[in-house]
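The structure displayed is predicted, hence computed values, not measured ones. Lettering follows sequence order; numbering is per chain, from 1.
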Amino acid sequence: MSDGQEGRDWRDFLVGLCGVTMILFAILTIIYRAGTLDALNTLRDLSPMLLTGSPQWGPLRGGFSTNIQISLWAMAISLCLGFLLGTGLISRYGSIRLPSVFVMNTLRNSPWLVILYAMLYAVPYEIGIGRTTFEISPEVKAIIGLSLPTLANIAEVFRAGIQSIRAGQWEAARSLGYSSGQITRLIILPQALPLMLPNLMTTYAALFIGTSLVVVTGANDLLAVARVVIGSGAEKYATAIYIYILFVYFIFSFPIAIWTRRLERQVRAGK
Amino acid sequence: MIICDIEAKPLVRMNAVLKKFGQLEVLRDISLDVREGEVICIIGPSGSGKSTLLRCINGLIEINQGEITVGDIRVDTLKTERDFIALRHQVAMVFQQFNLFPHRNVIDNITMAPIKVLKQKPEQVRERAMQLLQKVRLVDKAHAFPSQLSGGQQQRVAIVRALAMQPRVILFDEVTSALDPEMVSEVLEVIKDLAKEGMTCILVTHEMRFAREVADRVFFTDRGIIVEHGPPQALFDHPKDERLKEFLMKVL
């Protein structure tokens with residue numbers, strides 16, 4: 001990896017960061033004109049509420065912290081189940097492969113918002129097991145809803161990663177006597193995982209941006225908090241608040257995008 | 001060249017083997033015996049089933065009919081992975097594209113299978129691996145990764161990897177075809193040495209000079225059948241079948 005390319009990453013990162021910040025700020029001044037300073041002050045005062053769901057920066061009760069938590073849980077679940085479904089996609093046995101392909105395609109091609117609405121009605125508010133009842137919070141519904149399409153995407157990433165390893169590797173490993181499990185663990189996965197990493201990160205970035213949809217399940221995320229705040233006296237600054245939300249999403253997602261690009265290049269160079 | 005004991009039981013035996021891919025019969029009525037210490041070369045036009053034939057011998061490809069035995073093992077009836085491990089101890093294979101594991105260094109490539117599959121002691125395997133690397137003059141590359149080696153070096157490592165399994169027979173599948181011309185001889189030299197030491201070798205090859213020099217017997221295959229076979233001098237100097245004559249015209 002040459003320093004030049006790494007330097008270019010940093011340059012792109014700073015240019016993007018400053019550029020987007022300036023553009024959003026410009027929009028803010030065009031809309032609020034003389035009131036821009038007041039708008040900024042309001043945003044500063046509302047920041048703890050919007051980011052943590054509580055007025056004093058904690059405890060974490062909602063807002064952007066909820067988006068991050070939902071995305072992390074959904075990603076963890078999707079990784080486990082996605083790899084499982086992905087193994088199904090490359091199974092030698094049609095009785096496993098065909099249902100897997102069907103499930104993957106169904107989930108992958110469903111609109112996220114529709115799945116989330118479906119969660120709202122399909123998953124009950126509480127589940128009783130024996131005498132105890134478990135409450136299913138809107139956040140849990142959001143996590144399940146976002147996991148479904150994401151795990152399908154991850155299954156595809158997994159399949160593509162495994163199949164990008166040349167058939168000769170399987171052949172050589174088999175002729176040396178490795179069992180299927182050993183081949184997967186010792187030969188294929190160590191080569192395929194680095195190849196999958198950029199795609200997994202892209203999937204996470206999409207999932208993260210998708211968390212803006214969870215408001216429909218009733219989860220107390222950034223958008224939900226914003227709507228409450230706007231409804232309780234900050235109507236005047238509604239536009240400013242939405243611009244702020246855009247900015248927060250950008251600040252979180254943009255570094256992931258830059259980092260992904262860098263990994264992709266490293267993977268290509270390592271080939 | 002090794003003088004073979006004609007009475008000895010063959011090490012590898014294929015009897016009336018049929019292999020189909022879908023409707024296409026890629027191997028038909030293939031029968032051949034290979035005795036311990038023999039060097040066999042299989043020649044023929046591309047698409048004649050040579051590589052498939054090799055892969056049947058070590059069970060990478062299942063056959064439709066016929067019998068294959070290596071030593072005391074019936075290859076065509078092996079089912080479980082555990083059954084196959086015994087066969088891996090007898091038959092090793094070297095590939096056209098080397099197929100070293102790119103994420104492991106040379107010594108790991110060589111020692112992993114004996115340690116993980118044959119459950120041999122790591123120190124002993126390592127020591128044997130270094131001796132073998134010495135033989136192919138690659139000791140200094142023991143900790144290099146495959147991508148840091150030339151094609152010829154990679155192929156020599158692949159041969160050592162096969163030898164580390166201490167097999168009784170090694171299958172070579174066009175092992176020089178992917179090499180730059182100047183690297184072909186270093187790989188062929190290694191195979192020649194093996195042959196001299198009495199290792200049983202079955203080679204699919206396009207190197208006719210090598211086949212003539214090293215092989216005990218040469219088999220010519222075309223469209224899935226063995227058309228003609230015999231000692232190299234007879235086959236190359238006095239070919240009988242028209243197809244073989246035509247083939248030799250093209251390649252010599």
Using heavy-atom distances under 4.5 Å, tell me whether A/Gln182 contacts chain B through its side chain, its backbone, both, or neither. side chain

Less than 4.5 Å apart, any side-chain heavy atom of A/Ser179 and any of B/Phe84? no

Portion of A/Ile165 that has a non-hydrogen atom of chain B nearer than 4.5 angstrom: neither

Please identify, among B/Ile85, B/Leu118, B/Val91, B/Leu100, the residue contributing the most non-hydrogen atom pairs under 4.5 Å to chain A. B/Leu100

Who wins among B/Val117, B/Leu171, B/Leu87, B/Val94 for the most heavy-atom pairs under 4.5 Å with chain A? B/Val117

Please report the closest heavy-atom contact between B/Met165 and A/Leu176, naming both atoms and the distance. CE-O, 3.1 Å

Would you indicate whether B/Lys116, at its atom NZ, is surrounded by more than 12 heavy atoms from other residues, nucleotides or ligands within a distance under 6.0 Å? no

Any side-chain heavy-atom pair of A/Gln169 and B/Pro102 under 4.5 Å: yes

Proximal component of B/Arg161, with respect to chain A [non-hydrogen, under 4.5 Å]: both

Tell me, out of B/His89, B/Arg55, B/Arg82, B/Gln96, who's got the most heavy-atom pairs with chain A below 4.5 Å. B/Arg55

If I take atom CD from residue A/Glu171 and atom CG from residue B/Asn58, how far apart are they, to the nearest 0.5 angstrom? 8.5 Å

Nearest heavy-atom neighbours spanning A/Ala172 and B/Phe95: CA-CE1, 3.6 Å

Could you state the interatomic distance from CZ (B/Arg88) to OH (A/Tyr178), rounded to the nearest 0.5 Å? 12.5 Å

Do you know which two heavy atoms are closest between A/Ile187 and B/Met112, and how far apart they sit? CD1-CE, 3.8 Å

Counting only heavy atoms not in B/Asp72, do more than 12 sit closer than 6.0 Å to its CG atom? no

Would you compute the distance between atom CE of B/Met93 and atom CZ of A/Arg174 and round it to the nearest 0.5 angstrom? 11.0 Å

Around atom CD of A/Gln163, are there more than 12 heavy atoms of other residues, nucleotides or ligands at under 6.0 Å? yes

If I take atom CG from residue B/Asp173 and atom OG from residue A/Ser175, how far apart are they, to the nearest 0.5 angstrom? 10.5 Å

Flag if over 12 foreign heavy atoms under 6.0 Å of CD, B/Glu62: no

If you look at every heavy atom in B/Asn99 and A/Arg166, which pair is closest and at what distance? OD1-NH2, 3.2 Å

